[in-house]
Q: 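Before anything else, here's the structure in question.
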Amino acid sequence: MNIAKVIVDVPASSINQTFDYQIPKQFQGVLQKGMRVIVPFGPRKIMGFVVEFTSQTELTKLKDILEVLDLTPVLTNELLELGRWLAEETLSLYITALQAMLPQVLKAHYQKELIRLTDEEMTNELENFFAGRDVIPYEEVDHSPVSYYQLQKAVQDGDIAVNYLVKSKITKKRVTMIKPLRSSHLLEETLLDLSTNAKKQHELITFFIENPAPIEKRTLIHKLQTSNATIKNLVDKHILENYSEEVYRNPFDDESIVQTTALELTEEQEQAIIPIKEKIVANEHDVFLVHGVTGSGKTEIYLQAIQDVIKKGQEAIVLVPEISLTPQMVKRFKGRFGSKVAVLHSALSSGEKYDEWRRIHRKEVQVVVGARSAIFAPFENLGIIIIDEEHENSYKQEDNPRYHARDVAIHRGKNHQCPVILGSATPALESYARAQKGVYRLAVLEKRTNSQAMPEVEIIDMRKELHAGNRTMFSRSLKERIEQCIQRQEQIVLLLNRRGYSTFVMCRDCGHVKECPHCDIALTFHKNSNQLKCHYCSYEEPMPTICPECSSDLIRYFGTGTQRVEEALTQLIPEANVIRMDVDTTRRKGAHEKLLNQFANREADILLGTQMIAKGLDFENVTLVGVLTADSMLHLPDFRSSEKTFQLLTQVSGRAGRHELPGEVIVQTYTPDHYSIELASEYDFTQFYKKEMAMRKTFKYPPYVFLALMTISHENQVKVIQTTQKITKMLLDHVSDETVVLGPTPSPLARIKNRYRYQCMIKYRNEPHIRTLIQNIIQNFSEETRKDDLFITVDMQPYQMM
DNA sequence: AGCACGCCGACT
DNA sequence: GTCGGCGTGCTC
């Protein structure tokens, strides 16, 4: 077994296979599956993953593995298998799947350098270029007058060599530590020798007599109110020692977390957790859908199930949507399980993510709380997987590998023979349908733990407001309630559902709308920079003062950005103190938390924001929730738009009256009789489920069919349409009669970055060879994809139709 | 992907 | 002879 099969870091379909390498003597026995290696590949050196060993090969000559990058495998056998499954399932490359399971810092970076080999005089250009140096970074060629031809010749003649480097950007954080170099009683003697003037040094030594353990320099300075100079003085006298130690970055302030213990469960919770616990004990896989209204105590069920798993010596993964992975949420898990918890989410720096990942990898934690990619946590003894708010779209990755964390969770649950829990107040239709069919076990929590009723929801017809002469975006009723609330010193959450709306610029005279010259989309106005920007290609131009079409000066921006709502709000209710939360105000690190803390401390009356405020927040003083534009995503080209509207309204309503104070909700809409809005206001999930399922059945959408979406893009519109047409036909020729193939249809975003985009949608029920078929079709166009800049992407379970 | 190699045409 | 610009084929 001295040959390693390696998946190399080259994301191309022609390289989507293992390559055999000889294992040199020094690595035999230490090299394991799942380790990263550096291998020669053609003229270069690249990173790869060892996925298998063998003693036989068809090739006559093998190259050697050059280096082994890891001491222990970064991927377990289970994850290697999972990667293969994931690649097949999502029609992506094995290497892409493997990379997706690891923190970004483990990705290799490639550099080249030129090395002078000859002592003899080279051409003038080359001598000037090297300027006496023996090694130069390759990029310098670009800024030098040396021609590629000259370089090529010098390399051929053996005067210069190209060296290929593989770099990793792993950085380990180090801190300076201070420790005494003498034992306590020797320190006491030292104290006697010290000049009486050296008060600070005296204090410092006294401190170490009492606390001889090493301490971080920063903490020491802070604690004793001393200085760097004082410490340095004692270090120079060899009384103290200065050394650096590797530490994990800890993005969370653990000290402020209060430990909690298991709460008494309600009868409902008890009923829900019993079958889960049974599966944990029996080491059996099963999927549970916990359908519990907001405030019904789902999290406590998770916590107690995890408790059992840890007791058994097993591990737990908890997935939480990106948006609700707030410090509040983290505290609940750290409060119960303390240092056994690692947290993974996108707001962490790549170094922090790596540190949290290493804590999992080294088995220093038993619980991971994280966003989508935490599903790949390298645990080897999983006892439970929990997906909270399982209906959330953020569990679907929107680039390759386009996986849904729910599917990965269930696959891993089978691998580890452990239960998977899906929890939500508004389950995805797919999940609920499976529970109805008996594929999943359903548990229902109908009561809130505080026995408070869900807040009353009032629907306001904004058309009537308009007819009554109210042109603001606040209905009279909402304005009144806000004012009452402020008077009672209670707080308000206002949700601006901005999806589908944006601040576009239109000429009031001729109706001309400023669009991006490279994409078929209106430009968005950014007030602080007075620029128009394209969200898809980052094109930017200054806001025009006159209309470019008709030269009218009545060109204005429209739409409802949070900024504008804030302005209008302070105009309408001047006494209101508003905190605005959107991408702009939360960009800086920690800004999110800071704003929420301010609101929790009642420094403002109103929290105004986009989607990000709808989920998981829990403020006891909030009694009014206002939804400014409930129907803004109802008209998007997406068969899930009703479902999303229902979910959002239900979620946001749960933000009011979570504690003693009763809450109320006001929903403003132009389509008050739409079933998703009506039924959300009555909290009638079952009725919504029935209605929506009927719709899905008539229009052939999931969960009645599976979807696959192929998107084809190219600079030439005719070519795209023709290619999409061909693909559609090829599909139709090979699928069963039941299967529907729609296309070519222009993508909802028909042009991005000067490329036209057309799509083809496949709706199928039973098509066992669909993946092979699509793969073959893509293979068929591989020439054109390579040479003619044609792009074909596939999404096997699209959530975004764009 | 990214690299070498080879062929072509342009320029000097 | 010196250059850049493609198209093609290969990577254990």
Side-chain angles (χ1 to χ4, degrees), chain A residues 1-24 27-28 31 33 35-69 87 91-100 107-115 122-129 137-139 141-167 399-401 715 778-779 781-793:
Chain A
M1 295 297 235
N2 48 7
I3 295 169
K5 291 192 170 291
V6 175
I7 290 290
V8 293
D9 178 22
V10 178
S13 53
S14 53
I15 313 294
N16 195 21
Q17 57 172 80
T18 58
F19 286 80
D20 295 349
Y21 287 91
Q22 187 71 39
I23 307 170
F27 298 142
Q28 281 177 24
L31 187 63
K33 279 209 267 180
M35 284 183 178
R36 294 171 307 146
V37 289
I38 295 174
V39 291
F41 196 67
R44 23 179 202 150
K45 286 181 202 167
I46 53 171
M47 194 271 287
F49 293 94
V50 175
V51 296
E52 224 166 307
F53 294 115
T54 180
S55 45
Q56 275 171 319
T57 179
E58 288 156 21
L59 293 126
T60 45
K61 205 158 189 327
L62 294 185
K63 290 187 180 175
D64 274 3
I65 284 179
L66 300 175
E67 259 176 80
V68 177
L69 291 175
L91 290 176
S92 43
L93 305 167
Y94 193 14
I95 185 68
T96 319
L98 294 182
Q99 303 272 32
K107 251 187 95 168
H109 290 259
Y110 303 102
Q111 280 171 23
K112 286 191 288 181
E113 58 190 20
L114 293 170
I115 300 176
M122 299 187 292
T123 63
N124 270 343
E125 283 94 340
L126 282 172
E127 286 297 341
N128 287 337
F129 179 43
Y138 192 91
E139 300 83 72
V141 179
D142 300 340
H143 316 287
S144 84
V146 179
S147 71
Y148 195 79
Y149 177 77
Q150 265 187 72
L151 213 58
Q152 196 178 317
K153 260 205 333 193
V155 171
Q156 276 166 1
D157 292 350
D159 291 345
I160 297 173
V162 185
N163 194 23
Y164 295 84
L165 304 167
V166 182
K167 298 236 161 153
D399 47 42
N400 281 328
E715 284 199 353
I778 293 175
Q779 193 70 41
F781 287 92
S782 61
E783 286 273 283
E784 282 175 81
T785 344
R786 209 171 114 78
K787 289 182 201 147
D788 200 16
D789 206 24
L790 180 77
F791 268 44
I792 305 178
T793 55

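In what follows, chains are A, B, ... by sequence order, proteins preceding strands, each numbered from 1.
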Q: Hey, do the aromatic rings of A:Tyr110 and A:Tyr164 have their centres closer than 6.0 Å?
A: no

Q: For a quick check of understanding: with a heavy-atom distance under 4.0 Å over all strands, which category does A:Phe41 fall into, base, sugar-phosphate or nothing?
A: base

Q: Report yes or no: is there a donor-acceptor pair, N or O only, under 3.5 Å between the side chain of A:Arg44 and the base of B:dA4?
A: no

Q: Any N or O donor-acceptor pair under 3.5 Å from the base of C:dG7 to the side chain of A:Arg786?
A: no

Q: Figure out the CG/C1' separation between A:Leu59 and C:dT11, and round it to whole Å.
A: 11 Å

Q: Using whole Å, what does the distance between atom P of nucleotide C:dC6 and atom CG of A:Asp789 come to?
A: 14 Å

Q: Any side-chain N or O of A:Ser147 below 4.0 angstrom from OP1/OP2 of C:dT2?
A: no

Q: Phosphate oxygens OP1/OP2 of B:dA4: is one of them under 4.0 Å from a side-chain N or O of A:Tyr148?
A: yes

Q: Find the distance A:Ile38:CD1 to C:dC12:C1' and express it as a whole number of Å.
A: 17 Å

Q: Quick one: A:Tyr164 OH to C:dT11 C1', roughly how many Å, whole number?
A: 12 Å

Q: On DNA chain C, compare the nucleotides closest to A:Lys787 and A:Glu125; which residue's is nearer the 5' end?
A: A:Glu125

Q: May I ask you to say what A:Lys153 touches in the nucleic acid, namely base, sugar-phosphate or nothing, with a heavy-atom cut-off under 4.0 Å?
A: sugar-phosphate

Q: With heavy-atom distances below 4.5 Å as the criterion, would you say the side chains of A:Leu151 and A:Leu126 are in contact?
A: yes

Q: Kindly point out which of C:dC3, B:dC5, B:dA1 is positioned nearest to the side chain of A:Gln156?
A: B:dC5

Q: Could you work out which one of B:dG2, C:dC12, C:dT2 sits closest to the side chain of A:Gln17?
A: C:dC12

Q: Can you check whether A:Lys112 has a side-chain N or O nearer than 4.0 Å to OP1 or OP2 of B:dC3?
A: yes

Q: Quick one: A:Lys5 NZ to C:dC12 C1', roughly how many Å, whole number?
A: 9 Å

Q: Could you tell me how far apart A:Gln150 (CD) and C:dT2 (C1') are, to the nearest whole angstrom?
A: 9 Å

Q: Is the number of heavy atoms from other residues, nucleotides or ligands under 6.0 Å of A:Gln28 CD greater than 12?
A: yes

Q: Choose from C:dC12, C:dT2, C:dT11 the nucleotide whose nearest atom is closest to any side-chain atom of A:Asp20.
A: C:dC12

Q: Between A:Pro43 and A:Val146, name the one whose nearest nucleotide on DNA chain C is closer to the 5' end.
A: A:Val146

Q: Going by heavy atoms in the side chains, are A:Phe41 and A:Tyr21 under 4.5 Å from each other?
A: yes

Q: Answer with base, sugar-phosphate or nothing: what part of the nucleic acid does A:Ile15 contact at a heavy-atom distance below 4.0 Å?
A: base

Q: Counting the atoms with a prime plus P, OP1 and OP2 as sugar-phosphate, which does A:Thr57 contact under 4.0 Å by heavy atoms, base, sugar-phosphate, or nothing?
A: nothing

Q: Rounded to whole angstrom units, what separation is found between the CG atom of A:Asp9 and the C1' atom of B:dA1?
A: 9 Å

Q: Does some side-chain heavy atom of A:Ile65 sit less than 4.5 Å from a side-chain heavy atom of A:Gln22?
A: no

Q: State whether a side-chain donor-acceptor pair under 3.5 Å links A:Asp9 with A:Gln99.
A: yes

Q: Starting the side chain at C-beta, find the nucleotide from B:dA4, B:dA1, C:dC12 nearest to A:Leu62.
A: C:dC12

Q: To the nearest Å, give me how far apart NZ (A:Lys107) and P (B:dA1) are.
A: 13 Å

